[in-house]
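Just below is one structure, and these are the notes that go with it.
Note on naming: letters A, B, ... go to the chains in the order of the sequence lines (proteins, then strands), and numbering restarts at 1 for each one. All figures in this text were calculated on a predicted structure; none of them were measured in a lab.
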Amino acid sequence: MAKNTPQAIRGTQDIFEDAEAFSFVVDTFERVRKLYRFRRIEMPVFEKTEVFSRPLGETTDVVTKEMYSFEDRGGESLTLRPEFTAGIARAYLTNGWQQHAPLKVATHGPLFRYERPQKGRFRQFHQINAEILGAGEPQADVELLAMADQLLRELGIEGVTLHLNTLGDPDSREAWRAALVEYFEAHRGDLSEDSVTRLEHNPLRILDSKDRGDMALVKDAPTIDDYLTDEARSFFGSVTSGLDAAGVTWRRSSRLVRGFDYYRHTAFEFIPDEGSAAADALGSQSTVLGGGRYDGLMETLGGAHTPSVGWAAGIERLAMLIPTRPTETPDLWFIQDDPGSESLARELLAIVRREGIWSDMAFSGSIRKQFDKVKRDLAAVRVVAVQTDVDKDIIGRIRLRDIWDEAPPVRERLKGALSKYYVIDDDSGTRVISLIRRKK
RNA sequence: GCGAUCGUAGCUCAGUUGGUUAGAGCGCCGGUUUGUGGUACCGGAGGUCGGGGGUUCGAGACCCCUCGAUCGCCCCA
């Protein structure tokens, strides 16, 4: 290990092998969000600290110990975004995007959280994100979830199910919360240490405790269903029937909650099914995509009541779940048959690339070494051997050779590309393509 | 913030109860067999064993601290 080389920051990643999977997730997301007509937006990576501390709540873990905050040279407290939603809400208000409401937006990029890294969790991580701003209708929830569902489908991810719950409107939620506190307070002695703390700060969180004893208590805890107002009940009914109509399969999960206070009504997570390969791949970081309705958020940033729904998904986690795909290799690999053919090879390389044929060539090395390298690194390519000095009457000749049997057909495409620039002759016996002369 | 395991060449790893110049495979570089059908031959470079301190006649191996990695808890995508 080079002792004078600075180390990367803990929890950051240098992605090489997995970068293609990462990019596949982003490309697929871009394609699907266009299908659903979500507008692409770009957001700053940092904001004034209050953009996050106000909506998320001053006492939440994210704000108190997980934010990358610092003072700029003007003495202002800034923070690297720990999530997308608050920044998007701020942009909605400061740019007057109300005029576009209801507004469907999508973005992706890095987020930062000062956490202990583990499987599927990093300090700089990446999410894709979708929001519908200024829409209080349950149909907005359905639209958003239908997109998420199709995205996972198109990524080829299997064994992941949509878990759905409602937190009700503020009245329902408050009544439920009070009932939960009363219930757990009565069993305080049986709660785990962590859950006693949660009872003070975030009683809803006790519901997804991993502690055995807690889980037994949770089983008999009051559920939201007993506290839903008629309005909230009907809202949730519209969401679920809309999902059924859209062909999105879902599972009711009455103990699913959200950490932040601004969430209302719909809350959801796509979670790997127990025992599935996906569950195995993700370790204890089970949620792959999560979100909900946040009707109360805009007010915390001084805006008018603006009902909205959104979700975010970890790109790294999604990338861990996508089926491995064959490495994409060049259609052609150029090898110079003699040292004098370097500039012709370069010329041909430029031409075939211009014509959309994936191709590559080594910078140096003997023919033998070049063949060896092609064999080692590539799964299915064809080699173009270039000769110039055999016949002074022609420009040069090339031979196509299959490195592997599985190599996809490229000969006709190559000839098509070359004949735009040269008069060529394809000898049916020797299979040698001669470049007779340049056109015009 | 808490806990467990781990840290030897670019990569994957060996290194016996602490004992002489720290090894292998792969990769890399050079050359040979004149030119491919995952595997030919020869040679070479590359490690202050994460870092610091300690125990010992002697430490890659033992102890402490530190940094990092991995996995889990908290929390979350």
Using the [atom1] atom as the point on both nucleotides, what is the distance between [M] and [N], in whole Å?
N: B/C62; M: B/U16; atom1: P; value: 10 Å
N: B/A9; M: B/A22; atom1: C1'; value: 10 Å
N: B/G43; M: B/G35; atom1: P; value: 24 Å
N: B/C67; M: B/G31; atom1: C1'; value: 43 Å
N: B/C11; M: B/G7; atom1: C1'; value: 15 Å
N: B/U21; M: B/C49; atom1: C1'; value: 15 Å
N: B/A4; M: B/G46; atom1: P; value: 41 Å
N: B/U66; M: B/C29; atom1: C1'; value: 37 Å

With the side chain of [X] defined as its heavy atoms from C-beta on, choose the nearest nucleotide among [options].
X: A/Arg10; options: B/C76, B/C73, B/G68; result: B/G68
X: A/Arg116; options: B/A77, B/G3, B/C75; result: B/G3
X: A/Glu66; options: B/C75, B/C73, B/U70; result: B/C75

Is any side-chain N of the basic residue among [X] and [Y] closer than 4.0 Å to the acidic one's carboxylate O?
X: A/Arg40; Y: A/Glu42; answer: yes
X: A/Asp331; Y: A/Arg413; answer: yes
X: A/Lys415; Y: A/Asp426; answer: yes

**Study point:** Parallel, tilted or perpendicular: ring planes of A/Tyr294 versus A/Tyr262, cut at 30 and 60 degrees
**Key:** perpendicular
Figure out the [atom1]/[atom2] separation between [X] and [N], and round it to whole Å.
X: A/Leu207; N: B/C75; atom1: CG; atom2: P; answer: 12 Å
X: A/Phe29; N: B/A77; atom1: CZ; atom2: P; answer: 16 Å
X: A/Phe270; N: B/C76; atom1: CZ; atom2: C1'; answer: 18 Å
X: A/Glu193; N: B/C2; atom1: CD; atom2: P; answer: 14 Å
X: A/Ile335; N: B/G37; atom1: CD1; atom2: C1'; answer: 14 Å
X: A/Lys210; N: B/G3; atom1: NZ; atom2: P; answer: 19 Å
X: A/Ile322; N: B/A77; atom1: CD1; atom2: C1'; answer: 16 Å
X: A/Ile206; N: B/C75; atom1: CD1; atom2: P; answer: 10 Å

With respect to the phosphate group of [N], does any side-chain polar atom (N or O) of [X] fall under 4.0 Å of OP1 or OP2?
X: A/Lys119; N: B/U70; answer: no
X: A/Arg121; N: B/G72; answer: no
X: A/Gln118; N: B/G72; answer: yes
X: A/Lys65; N: B/C74; answer: no

Practice item. List for me each residue that meets ring pair (Phe, Tyr, Trp, His ring centres under 6.0 Å) alongside A/Phe235, sequence neighbours excluded, and say none if there are none. Key: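 Once residues adjacent in sequence are excluded, the partners of A/Phe235 under the ring pair (Phe, Tyr, Trp, His ring centres under 6.0 Å) criterion are A/His265.
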For nucleotides 32-34 of chain B, tabulate all protein N/O to nucleotide N/O atom pairs closer than 3.5 Å, reporting atom names and distance.
from	atom 1	to	atom 2	distance (Å)
B/U33	N3	A/Arg368	NH2	3.4
B/U33	O4	A/Arg368	NE	3.0

Residues forming a side chain to side chain contact (heavy atoms under 4.5 Å, CB included) with [X], sequence neighbours excluded:
X: A/Ala178; answer: none
X: A/Asn202; answer: A/Leu204, A/Arg205
X: A/Asp149; answer: A/Arg153, A/Val248, A/Phe270

Check your understanding: Do A/His126 and A/Phe22 have ring centroids that are under 6.0 Å from one another?
Key -> yes
Review point. Within the structure shown, what part of the strands sits under 4.0 Å from A/Glu115 by heavy-atom distance: base, sugar-phosphate, or nothing?
Key: base
For [X], which residues count as a side chain to side chain donor-acceptor pair (under 3.5 Å) partner, sequence neighbours excluded?
X: A/Tyr183; result: none
X: A/Glu47; result: A/Arg90
X: A/Glu50; result: A/Arg54
X: A/Trp97; result: none

Check your understanding: For residues 246-258 of chain A, which residue pairs qualify under salt bridge (charged side-chain N to carboxylate O under 4.0 Å, His left out), counting only residues two or more places apart or in two chains?
Key ->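 Qualifying pairs, neighbours excluded: A/Asp225-A/Arg252, A/Arg258-A/Glu269.
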Check your understanding: If you write RNA chain B from 5' to 3' in dot-bracket form, with Watson-Crick or G-U pairs under 3.5 Å, [ ] for crossing pairs and | for pairs with another strand, what do you get?
Key -> (((((((..((((.....[...)))).(((((.......))))).....(((((..]....))))))))))))....
Check your understanding: When you match A/Tyr114 and A/Ala8 each to their closest nucleotide on RNA chain B, which lands nearer the 5' end?
Key ->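 Here A/Tyr114 is the residue nearer the 5' end.
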Revision key, fill the gap. Per the under-4.0 Å heavy-atom filter, residues of residues 125-135 of chain A near RNA chain B come out as A/Phe125, A/Gln127
